[in-house]
*Asks:* 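To start, I am sharing the structure in question, which I have written as structure tokens.
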Amino acid sequence: MSAISTKHLISIKDLSSEDIELIFSTADNFKEVINRPIKKVPSLRDITVANVFFENSTRTRLSFELAEKRLSADVVNFSASGSSVSKGETLVDTVKNILAMKVDMVVMRHSSAGACEFLARNIDAKVINAGDGAHEHPTQALLDAYSIREKYGNVAGLKVAIIGDILHSRVALSNIFCLHKLGAEVMVCGPTTLMPKYISSLGVKVSHNVREALEWCNVANILRIQLERQQTRYFPSLREYTLHFGVNKALLEEVGRDITIMHPGPINRGVELDSDVADSGQSIILNQVENGVAVRMAALYLLAN
Ligand code: CP
């Protein structure tokens, strides 16, 4: 098997398209493993991984933990709440103390953009970014692209619209980098106030009209409004946002195209996406979650080796 070209996984920018293809082909093998009656392989038997979460998570945290356990790694979990962070301990001191217990890899989520890169520069262990502020969420982008590849056989040539709060979204940024590396076209769609000023420089199409985005794309990846990152009001009300940018069955029927619906979760049902779409045959949202375990197994395995 070939080797991945990076020591850490901080940003999709660290990966070549060959690295991404290697992660996908390795994930294909692990997906087969996790669908067996015995879902475990001994690949990381001598490796200890710390999942260090300074910010809330359901999918990413469980998915990494399951991936590590399916690879037979030893796993320790740390969350900021209830830890000595509340007594003023720094990020580096916290992680160095965890590493003193002989940990080989750190999977970290942090509310500050750049925290994972800072950590990687200050410790010897390998670091995987599980989401850093509004910067990147590389494994989410990998599992999203993997799920698109699974549905269509290929990512190149497809048109993917990312709809919602682009300004505060690490998922949007990582998806744009990943999809471009794999040869897809990307459109971002949302209110002007939720669009970063630099967005056109990323080589994406920009729309402020959800119908236009749906008429253009093969795949719509719908994002949550990240109220927890908004210190100011970016639109008059959630009701108004839903009226102009919410995706529902009636709208999809009017557009009348066979669009695949994705969402990284957590969904705010009835705000950015209605249940009649989220739970429909067009949606691959739970496939994304299933694929997350296989893709994270692949990333952990390739980085550990
Ligand atoms: N997609 C995602 O990052 O979800 P969590 O915040 O639940 O991990």
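Heavy atoms only: backbone and side chains are in, while hydrogens, waters and symmetry mates are out. Throughout, numbering of the chain's residues begins at 1 and tracks the sequence. As the structure is a computational prediction, the values presented were derived from the model and not from experiment. Start at 1 and go down the list; that is how both ligands and their atoms are numbered.
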*Asks:* Aromatic contact between Phe245 and Phe235, with the criterion being ring centroids under 6.0 Å apart: yes or no?
*Replies:*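 Centroid separation for Phe245 and Phe235: 6.0 Å or greater.
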
*Asks:* Within the structure provided, determine whether Leu300 and Met105 are in side-chain contact (heavy-atom separation under 4.5 Å).
*Replies:*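 Touching, per the 4.5 Å side-chain cut-off.
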
*Asks:* Should we say atom CG of Asn35 is surrounded by more than 12 heavy atoms from elsewhere, each under 6.0 Å from it?
*Replies:*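 Atom CG in Asn35 is crowded, with more than 12 foreign heavy atoms closer than 6.0 Å.
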
*Asks:* Going by heavy-atom distance to atom 2 (C) of ligand 1, choose the closest among Val289, Asp144, Thr139, Thr60.
*Replies:*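 The option holding the nearest heavy atom is Thr60.
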
*Asks:* Measure the distance from atom 1 (N) of ligand 1 to every protein heavy atom, then report the residue, atom name and distance (to 0.1 Å) of the closest one.
*Replies:*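 Nearest neighbour among protein heavy atoms for atom 1 (N) of ligand 1, to 0.1 Å: Pro264 O, 2.8 Å.
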
*Asks:* Who's the nearest protein heavy-atom neighbour of atom 4 (O) of ligand 1, and how far?
*Replies:*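 For this ligand atom, the closest protein heavy atom is Arg59 NE, 3.1 Å.
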
*Asks:* Within a distance under 4.0 Å of any heavy atom of Thr58, pick out the atoms of ligand 1 and give their elements.
*Replies:*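 The list of qualifying atoms is 5 (P), 7 (O), 8 (O).
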
*Asks:* Any chance the rings of Phe78 and Phe53 have centres within less than 6.0 Å?
*Replies:*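 Aromatic pair excluded; centres sit 6.0 Å or further apart.
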
*Asks:* Given the rule that I, L, V, M, F, W and Y join up when any side-chain heavy atoms are under 4.5 Å apart, are Val289 and Leu143 in one cluster?
*Replies:*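 No.
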
*Asks:* Between CD of Glu212 and SG of Cys217, what distance do you get to the nearest 0.5 Å?
*Replies:*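 Reported to 0.5 Å precision, the distance equals 11.0 Å.
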
*Asks:* Please identify which atoms of ligand 1 are closer than 4.0 Å to at least one heavy atom of Gly265.
*Replies:*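 Checking each atom against Gly265, I get 1 (N), 2 (C), 4 (O).
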
*Asks:* Examine ligand 1 and decide if any of its atoms is less than 4.0 Å from a heavy atom belonging to Gly131.
*Replies:*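 Contact absent.
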
*Asks:* So, does Arg109 sit close enough to ligand 1 that a heavy atom of it is under 4.0 Å from the ligand?
*Replies:*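 A heavy atom of Arg109 does come that close to ligand 1.
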
